[in-house]
Amino acid sequence: MAHQITLIPGDGIGPEVTDAAVEVINASGVDVDWDVQHAGKAVIDTDGSPMPGRVIESIRRNKVALKGPVTTPVGYGFRSVNVTLRTELDLYALLRPCRHYPGVRTRHPGTDLVVVRENTEDLYAGVEFEAFSVENQKLRDYLRFFRGYHLTPDTGITVKPISLSATRRIVRFAFEYSKREGRKKVTVGHKANIMKFSDGPFVQIAREIAQEFPEIDFDEMQLDELAFWLVSDPQEMDVLLLPNLYGDIISDLCAGLIGGLGVAPGVNLGDTAAVFEPTHGSAPDIAGKGLANPAGILLSGVMMLRHIGEHEAANRIESSIAAVFFSGEHLTGDLGGSAGTADFTRAVIARI
Ligand code: ATP
């Protein structure tokens, strides 16, 4: 029976790279019934929102989606489309494997790590108080009266909520994932020395849950130290467990370690739905030119096929992507080659 999968082409280079992914997955012989759902700038006039309810409903129904980058138009007052998706579907874990494939230029060959990012809280929760606003003044008055903090009226405030329950959920997810995938070590990144009541419990809970997984090493690092180690010796790292904001920044850094944004895959996971998408955004500078590297979404597609039990096809596609990288003949511009999206895709399909 065909797999029902939601396909969101998205904005910018999204449609080009999702087309490539559909071609490759179809060529692998896996039977997929693609439920195409447009989102982003193009649907605002017809649907009244860049992330309409029908898209969310489709993912709820199918439980699996493959998604291109969808941008949130600035200045229209829309909530971030990605935050909407994550909140509506409770996609609490963002998993970004960063594995170097031979043939892709990098200063760090042999890097093979995974970023596990908490996806719902932290400074991205959207709890904000604009400078000079009435709400901001009330909050500042409260802080002065009850805690003696003096903040000037021109101070904008963003709140960093980190709950014990969401932390337990992501920490458990990271350890269970590591166990299932045969990973050896989980390193938690934090600034608990400064943010005692948000990063503090994040590390403490990680320490506690680590004891239930004696087969997996546990390490904790200040985020600045982690950044240093990542650009010095990333081969020593295995699974990185991070709160939302640090996870966002560190995953782009890790994409840089393995050859760039064009090759980095990912998935947003919840208990009932999974949305697979590359780490890169819409890359408006190269959109519509046929130059985008589709490897990030192709490798996201490989993760998706494993998620739905199509391991053999996933292995075949991953091997052919690795072979194209290794041959060096059909690399896109971001990897130092001169091939376009279609050349790379054709080369992958030829090797499946
Ligand atoms: P957004 O605002 O949607 O995040 P952005 O342009 O700020 O978009 P990205 O799209 O993530 O950020 O990427 C930054 C740059 O990296 C792009 O402008 C592009 O030059 C390059 N890039 C990203 N993805 C790819 C890709 N798949 N293939 C080739 N180059 C890419």
Exercise. Give, for atom CG of L335 and atom OG1 of T106, the distance between the pair rounded to the nearest 0.5 Å.
Key: 11.0 Å
Exercise. Take the angle between the ring planes of Y101 and F325 and call it parallel below 30°, perpendicular above 60°, tilted in between.
Key: tilted
Quiz item: Would L91 and M304 show up in the same hydrophobic cluster when neighbours are defined by side-chain heavy atoms closer than 4.5 Å?
Solution: no
Practice problem: Please name all residues satisfying salt bridge (Lys or Arg N to Asp or Glu O under 4.0 Å) with D343, sequence neighbours left out, ordered by chain then number. | Solution: R346
Quiz item: Are L261 and M303 grouped together when hydrophobic residues (ILVMFWY) are joined by side-chain heavy atoms under 4.5 angstrom apart?
Solution: no
Quiz item: Under 3.5 Å, is there a donor-acceptor pair between the S80 and N82 side chains?
Solution: no
Quiz prompt | side chain to side chain contact (heavy atoms under 4.5 Å, CB included) between V114 and E181, intermediate numbers included | solution = CA-CA 11 Å; V114 182; E181 296 293 317; over 6 Å; no
Practice problem: Write down the atom of E16, the atom of L291, and the distance for their closest heavy-atom approach. | Solution: OE1-N, 4.1 Å
Quiz prompt | I352 versus A27, closest heavy-atom pair with distance | solution = CD1-CB, 4.3 Å
Self-check item: E130, CD: over 12 other non-hydrogen atoms inside 6.0 angstrom
Solution: no
Exercise. For E118 and T167, test the side chains for any donor-to-acceptor distance below 3.5 angstrom and give the result as yes or no.
Key: no
Quiz prompt | Non-neighbouring partners of E212 that pass salt bridge (Lys or Arg N to Asp or Glu O under 4.0 Å), sequence neighbours left out | solution = R172
Quiz item: Sub-3.5 Å donor-acceptor pair from the side chain of D238 to the main-chain atoms of K184, do we have one?
Solution: yes
Practice problem: List, by chain and number, the other hydrophobic cluster members for L143, where Ile, Leu, Val, Met, Phe, Trp and Tyr join if side-chain heavy atoms come within less than 4.5 Å, directly or indirectly. | Solution: V127, F129, L139, Y142, F145, F146, Y149, L151, I157, V159
Quiz item: Does L269 share a hydrophobic cluster with V275, counting links as ILVMFWY side-chain heavy atoms below 4.5 Å and allowing steps through other members?
Solution: no
Quiz prompt | Salt bridge flag under 4.0 Å for residues R306 and E310 | solution = no
Quiz item: If you look at every heavy atom in M51 and A39, which pair is closest and at what distance?
Solution: CE-CB, 4.1 Å
Exercise. Rounded to the nearest 0.5 Å, what's the gap from CD1 on I13 to CD1 on I286? Could you check?
Key: 5.0 Å
Self-check item: Qualifying residues under salt bridge (Lys or Arg N to Asp or Glu O under 4.0 Å), relative to E57, sequence neighbours excluded
Solution: R60
Quiz item: Taking only residues two or more places apart in sequence, or in another chain, which ones meet F326 in a ring pair (Phe, Tyr, Trp, His ring centres under 6.0 Å)?
Solution: none
Quiz item: Looking at P278 and S300, what are the two nearest heavy atoms and their distance?
Solution: N-OG, 3.5 Å
Self-check item: Carboxylate-amine/guanidinium contact E318 R99, below 4.0 Å
Solution: yes
Quiz item: Between the side chains of Q204 and R207, does any donor sit under 3.5 Å from an acceptor?
Solution: yes
Self-check item: Steps toward side chain to side chain contact (heavy atoms under 4.5 Å, CB included) verdict (S320, V24)
Solution: CA-CA 10 Å; S320 54; V24 169; over 6 Å; no
Quiz prompt | Donor on one side chain, acceptor on other, N119 and Y124, under 3.5 Å | solution = no
Quiz item: Quick one: are H3 and V30 in side-chain contact, heavy atoms under 4.5 Å?
Solution: yes
Exercise. Would you give the length of the straight line joining atom CD1 of I56 to atom CD of E88, rounded to the nearest 0.5 angstrom?
Key: 4.5 Å
Quiz item: If every non-hydrogen atom of A292 is compared with every non-hydrogen atom of V17, which pair is closest and at what distance?
Solution: CB-CG1, 3.9 Å
Self-check item: Short side-chain donor-acceptor distance under 3.5 Å, T6 and Q37
Solution: no
Quiz item: Given a cutoff of under 4.5 Å between side-chain heavy atoms of I, L, V, M, F, W and Y, with clusters grown through shared members, what are the other residues clustered with V83?
Solution: none
Self-check item: Check: H307 ring centroid to F276 ring centroid under 6.0 Å
Solution: yes
Quiz item: Under the 3.5 angstrom rule, does the side chain of N62 hit a backbone N or O of S58 as a donor-acceptor pair?
Solution: yes
Quiz item: Above 12 or not: heavy atoms from other molecules or residues under 6.0 Å from CZ of R147?
Solution: no
Quiz item: Hey, any chance Y246 and M237 share a hydrophobic cluster, counting ILVMFWY side chains that come within less than 4.5 Å of each other, even indirectly?
Solution: yes
Quiz item: So I5 and D35, side chain to side chain contact (heavy atoms under 4.5 Å, CB included) or not? Walk me through it.
Solution: CA-CA 6 Å; I5 296 177; D35 179 3; over 6 Å; no
Quiz item: Between CD of E236 and OG1 of T111, what distance do you get to the nearest 0.5 Å?
Solution: 10.0 Å
Quiz item: Which heavy atom in P97 sits nearest to a heavy atom in P265, and how many Å separate them?
Solution: O-CD, 3.5 Å
Quiz prompt | R54 bridged to D47 by N-O distance under 4.0 Å | solution = yes
Quiz item: Does a side-chain N-to-carboxylate-O contact under 4.0 Å join R183 and D112?
Solution: yes
Self-check item: CG on L95 to OH on Y177, rounded to 0.5 Å
Solution: 4.5 Å
Quiz item: So, are D141 and K138 salt-bridged, with charged N and O less than 4.0 Å apart?
Solution: no
Quiz item: Out of D122, N268, N244, which one pairs with R117 under the side-chain hydrogen bond (donor to acceptor under 3.5 Å, both in side chains) rule?
Solution: N244
Quiz item: Do you know which of E121, R169, R168 makes side-chain hydrogen bond (donor to acceptor under 3.5 Å, both in side chains) with S163?
Solution: E121
